[in-house]
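Atoms within a ligand are numbered from 1 in the order they appear, just like the ligands themselves.
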Amino acid sequence: MTSVRSLKTPEELAAAGLIEPQKLGGIRAVADRYAIALTPTVVSLIDSTDPADPIARQFVPDPSELLATPEERADPIGDQAHSPVKGIVHRYPDRVLLKAVHICPVYCRFCFRREMVGPQGDGTLSSEELAAALAYIREHSEIWEVILTGGDPLVLSPRRLAAIMRGLAEIPHVKIVRFHTRVPVVEPDLVDEAMIAALKESRKVVYIALHANHPREMTDAARAACGRLVDAGFPMVSQTVLLRGVNDDPAVLGDLMKAFVETRIKPYYLHHPDFAPGTSHFRLDIAEGQKIVSALRGNISGLCQPTYVLDIPGGHGKAVIGESAVRGDGGCYSVSDFRGGEHAYPPR
Ligand code: SF4
């Protein structure tokens, strides 16, 4: 499949052969509620002859998004409860989220902020709102790290990115600026010299966290875009959402983690899916996730191991939920190896 611009309506998706005509009515109802966007790069990755294509599953809307379950909620990780001023989420003492923009180049069907992102979402911070958010960061000397997320902050123009970075440059207690983005994968050409120059404006240490969920997303162009960022001096880490029908398989997940490491990206978080509305078809049980993560540990390099985490619903922060290899107490433990063998510790 090829396209020259992003697909944003059910009709455009149908014309591109990405949805069946009989599903159009249901998908129009989804589009009334949640944003749609697939960049030409993403469209080119989809095998439209495969009804279970893992790239299509992430980005092409499905009528099952209108099915809500009782535990789902509009703000699954509790951003609102920790938002002292517009655009800031201050959940942990030493860091804040700065949500400068609520637009993304693609809209992931499982997004945990799906009620806030998109053209109908919370919008982009005005100059006054951005100034108020920066003032909050300046007034809180415990803030060591600012995490730009959203929305995808790398859709901002270099001019606006540079303005934010200059604002952060003036706050001495902020040492680290982290960007969470899908841009290098879904729109790799956006990563150019102008963007890199803007990211350098703060003279802070800048980390880039890349969101990707399937090894096919790590194309040559995506790897080259990440290479430009790493070569410019920005260390990269990854974040992946564990998704049924996309990457709930140790072989697929292992290939993705290896692709990250080959691209000089350290695997960081593997997120258990959140209770975002209309996403039950993506969710799996924590025990299933633990089995997949345990299989990774035995079979691929330690460099390729992400940390499996759950954002506790209600805004209580992240918890590490990988299976523990150690059981027991009172100084006597049993430790399991990656083949399932059990060993006493200390050895008897
Ligand atoms: S890029 Fe991130 S914020 Fe945007 S839709 Fe996807 S998961 Fe949500």
Do other residues, nucleotides or ligands put more than 12 heavy atoms under 6.0 Å from the CZ atom of Arg159? no

Heteroatoms of the protein, restricted to N/O/S, which lie under 2.8 Å from atom 6 (Fe) of ligand 1: Cys108 SG

Do Phe282 and Leu38 sit in the same hydrophobic cluster, where Ile, Leu, Val, Met, Phe, Trp and Tyr count as joined when their side-chain heavy atoms come under 4.5 Å apart? no

Gln22 CD: over 12 foreign heavy atoms closer than 6.0 Å: yes

If the threshold is 4.0 Å, N to carboxylate O, is there a salt bridge linking Arg28 and Glu11? yes

With distance as the sole test, does His82 use its side chain to make a donor-acceptor pair with the main-chain N or O of Gly315 at under 3.5 Å? yes

For residues 218-269, which residue pairs qualify under ring-ring contact (aromatic ring centres under 6.0 Å, His included), counting only residues two or more places apart or in two chains? Tyr269-His271

